[in-house]
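Here's the structure we're looking at; comments come further down.
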Amino acid sequence: MLNFELLSELLETSATACENFLKSEIALNDGDVELCQKYSKDGQQLVKTLIKDTFKEFRDEFNCNIEDVQDYDYPNNMELVVALNSISKNIGALLSSDDDKIKNLIIEKLCKSINTVIEIYLTLFEN
């Protein structure tokens with residue numbers, strides 16, 4: 001049985017962090033460094049919360065033993081956005097599936113996406 005509260009929290013927080021990092025890139029492209037830093041900081045705080053709380057809950061709930069990550073070129077904000085978006089996309093797929101085999105495959109993808117977010121975040125912001 002799916003934990004809808006946990007999936008909802010993961011979906012909302014991942015999507016909001018993704019949005020903040022995208023707004024940060026837009027602000028940077030517009031030359032607004034102060035706004036860029038604000039959105040980046042907001043996104044970082046959300047991902048930090050995900051790592052400390054929601055990702056741990058998800059891993060415990062769904063027995064994420066997978067240590068693989070998604071393929072990406074090099075750690076940067078846009079790769080972080082891709083990984084965060086992947087979480088949202090896969091939660092949608094998980095909620096719409098009735099087949100247990102498919103659900104298990106989607107959960108594996110979610111575990112990889114979570115691992116990717118953690119790896120990129122730690123490389124970019126905790127080193």
Side-chain angles (χ1 to χ4, degrees):
M1 182 149 223
L2 296 176
N3 181 337
F4 291 108
E5 186 177 319
L6 175 61
L7 292 174
S8 175
E9 181 181 340
L10 181 58
L11 176 61
E12 181 181 1
T13 309
S14 295
T16 304
C18 183
E19 181 180 29
N20 281 319
F21 285 117
L22 287 171
K23 285 181 177 181
S24 174
E25 289 294 316
I26 291 169
L28 182 62
N29 289 337
D30 290 344
D32 192 337
V33 176
E34 188 174 316
L35 191 58
C36 170
Q37 290 174 333
K38 178 211 176 299
Y39 283 125
S40 180
K41 186 74 119 180
D42 291 347
Q44 289 174 48
Q45 284 301 112
L46 289 170
V47 173
K48 187 179 256 187
T49 299
L50 284 168
I51 291 171
K52 290 182 176 181
D53 181 38
T54 315
F55 286 170
K56 285 182 181 180
E57 285 181 51
F58 183 88
R59 286 174 155 172
D60 291 343
E61 179 89 17
F62 294 100
N63 294 322
C64 281
N65 296 323
I66 298 167
E67 295 185 17
D68 292 340
V69 296
Q70 298 168 330
D71 288 335
Y72 62 91
D73 288 335
Y74 59 92
N76 62 51
N77 279 355
M78 294 312 291
E79 291 289 4
L80 186 57
V81 165
V82 169
L84 287 163
N85 184 63
S86 180
I87 290 171
S88 300
K89 178 181 70 175
N90 283 307
I91 289 174
L94 181 62
L95 294 173
S96 67
S97 178
D98 292 329
D99 186 313
D100 285 340
K101 288 181 183 178
I102 292 174
K103 284 182 180 181
N104 288 333
L105 290 172
I106 295 168
I107 289 169
E108 285 183 21
K109 287 182 179 182
L110 276 165
C111 292
K112 281 184 169 183
S113 297
I114 287 169
N115 292 342
T116 306
V117 168
I118 293 169
E119 182 175 288
I120 293 172
Y121 173 84
L122 293 176
T123 301
L124 290 176
F125 302 111
E126 295 291 327
N127 280 333

So, S40 versus Q44: side-chain donor-acceptor pair below 3.5 Å or not?
yes
What are the two closest non-hydrogen atoms of I114 and F58, and how far apart are they?
CD1-CD2, 3.4 Å
For D53 and T49, indicate whether the former's side chain and the latter's backbone hold a donor-acceptor pair under 3.5 Å.
no
Does any part of the side chain of F62, heavy atoms only, come nearer than 4.5 Å to the side chain of L110, both counted from C-beta?
no
T13 (side chain) donor-acceptor with L10 (main chain) under 3.5 angstrom:
no
Under 3.5 Å, side chain of N115 to main-chain N/O of D68, donor-acceptor pair present?
yes
Look at atom CG of D60 and say whether more than 12 heavy atoms of other residues, nucleotides or ligands are closer to it than 6.0 Å.
yes
Can you tell me how far the CD1 atom of I118 sits from the OG1 atom of T123, to the nearest 0.5 Å?
11.5 Å
Flag the pair L22 / M78 as yes when at least one side-chain heavy-atom distance between them is below 4.5 Å, and no otherwise.
yes
Is it true that the side chains of E79 and Y74 contain a donor and an acceptor less than 3.5 Å apart?
no
Please report the interatomic distance OG(S97) to CD1(I106), rounded to the nearest 0.5 Å.
5.0 Å
Heavy-atom donor-acceptor pair, N20 side chain to T16 backbone, under 3.5 Å:
yes
Could you tell me the separation between the SG atom of C111 and the CG atom of N63, rounded to the nearest 0.5 Å?
9.0 Å
In plain terms, say whether K38 and D42 are close enough for a salt bridge, that is, a side-chain N and a carboxylate O under 4.0 Å apart.
yes
Could you check whether E108 pairs with K112 (Lys NZ or Arg NE/NH1/NH2 to Asp/Glu carboxylate O, under 4.0 Å)?
no
Tell me whether E61 at atom CD has more than 12 heavy atoms from other residues, nucleotides or ligands lying less than 6.0 Å away.
yes
Would you find more than 12 non-hydrogen atoms of other residues, nucleotides or ligands less than 6.0 Å from E34 atom CD?
no
Is there a side-chain contact between E119 and P75, using heavy atoms and a 4.5 Å cut-off?
no
